[in-house]
Amino acid sequence: MDFTQIKKFRDDNVLDMVLDTDTFNEVDDQFAIGYMLQYTKKFHVRALYAAPFVNGTLSNSPGEGMQKSFDEIEKLLRLTGRCIPVYRGSQRWLPDENTPVQSDAAKHLALLAENYSPERPLFVVAIGAITNIASALLLNPRIAKNIVVVWLGGTAYHIGSTYEFNMIQDVAAVRTVFTLAEKIVQLPCEGIVSEFVTTTHELDYWLQGKNALCDYLCSIVKRHSVDGTAWSRVIWDVTAIAWLLNRDDRFLQDCIVPIQMPNYRGGYDAVPDKKVCYVKKVYRDALYTDLFTRLQEY
């Protein structure tokens with residue numbers, strides 16, 4: 001299928017999907033998980049994968065970040081009352097573009113995606129470093145034709161620099177996925193999704209006191225707020241879920257362009273013969289209205 005056919009399939013069907021998430025790294029993955037799990041009639045969530053991350057204040061190694069993300073996923077499942085299989089991901093970054101990192105998550109995806117096809121794909125949504133997905137593709141290259149990778153990462157192509165958290169942690173993994181996966185949707189962070197901001201005042205109005213999950217989401221955002229300033233926070237990862245719900249471009253606008261491959265020098269190299277579905281605009285108000293409304297329903 002080409003991207004037009006993929007989007008038609010997306011709009012007309014219940015979607016089988018997995019979510020790969022560095023849940024403990026920030027505050028946005030928690031919103032994305034809560035949002036996704038409310039769409040029970042649209043998504044058949046086959047698994048959640050804990051992704052690695054290194055963040056000096058929260059994690060000193062990829063493995064520590066992965067385990068903390070695993071624990072945070074389980075906490076969110078308790079808050080939402082949902083029961084979804086959760087798999088531990090990579091303990092380290094890819095050593096190179098040819099060597100997978102063994103993990104429960106990578107092995108599960110490598111087997112699971114065998115059950116799909118180009119006509120009935122598995123949607124693989126990744127909202128952190130993409131190590132687990134790269135490893136699954138290296139473990140079983142046959143799945144490349146059976147999956148649609150929806151990845152939030154990198155910067156807008158016009159910026160030029162690839163200095164973005166999800167990308168720079170494991171450039172080898174990004175290059176591996178961009179090379180092997182046949183269908184990729186990219187939601188660039190800085191320059192595109194960076195517009196998807198909210199404030200503590202808005203969260204208080206929409207979510208505070210509505211239910212246990214909403215109270216938790218408000219609390220984790222408020223920990224980062226700065227008193228005495230006109231402060232806002234980007235809730236990046238919700239937009240990756242929104243692409244799966246984007247019938248009639250109600251939340252996002254995308255286009256088909258040649259993929260830009262990150263190099264090891266901090267920039268992009270054009271790959272003219274491979275296309276990517278590239279998100280170029282977020283309709284902030286429409287998406288936040290749907291997000292807040294759904295989260296209130298727990």
Taking [Y] as the starting point, is it possible to reach [X] by hopping between hydrophobic residues whose side chains are less than 4.5 Å apart?
{"X": "Met36", "Y": "Tyr49", "value": "yes"}
{"X": "Leu139", "Y": "Val101", "value": "no"}
{"X": "Leu180", "Y": "Tyr264", "value": "no"}

Could you check whether [Y] and [X], counting side-chain N and O atoms only, form a donor-acceptor pair closer than 3.5 Å?
{"X": "Trp243", "Y": "Asp254", "result": "yes"}
{"X": "Tyr283", "Y": "Glu195", "result": "no"}
{"X": "Asp290", "Y": "Thr293", "result": "no"}
{"X": "Glu114", "Y": "Asn140", "result": "yes"}
{"X": "Ser117", "Y": "Asn146", "result": "no"}
{"X": "Gln38", "Y": "Arg82", "result": "yes"}

### Message
Under 6.0 Å between ring centres: does that hold for Phe24 and Phe70?
### Response
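No, they do not, as the ring centres are separated by 6.0 Å or more.
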
Salt bridge or not between [X] and [Y]? Use side-chain N to carboxylate O under 4.0 Å.
{"X": "Asp12", "Y": "Arg247", "answer": "yes"}
{"X": "Lys275", "Y": "Glu182", "answer": "no"}
{"X": "Asp2", "Y": "Lys183", "answer": "no"}
{"X": "Glu202", "Y": "Arg284", "answer": "yes"}
{"X": "Arg175", "Y": "Asp170", "answer": "no"}
{"X": "Lys68", "Y": "Glu64", "answer": "yes"}

### Query
Are side-chain heavy atoms of Glu119 and Phe9 found at a separation under 4.5 Å?
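No, side chains not in contact.
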
### Residues in side-chain hydrogen bond (donor to acceptor under 3.5 Å, both in side chains) contact with Asp285, at least two apart in sequence or another chain
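By the side-chain hydrogen bond (donor to acceptor under 3.5 Å, both in side chains) rule, Asp285 matches no residue at all.
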
### Query
Are Arg294 and Tyr39 in a cation-pi setup, meaning NZ or CZ lies under 6.0 angstrom from the ring centre and within 45 degrees of the ring axis?
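Yes, Arg294 lies over the aromatic ring of Tyr39.
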
### Phe292: which of Phe31, Trp206, Tyr35, Tyr205 passes ring-ring contact (aromatic ring centres under 6.0 Å, His included)
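The passing option is Trp206.
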
### Task
Kindly compute the distance separating CD1 (Ile235) from CD (Glu26), expressed to the nearest 0.5 Å.
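Here the interatomic distance stands at 8.0 Å.
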
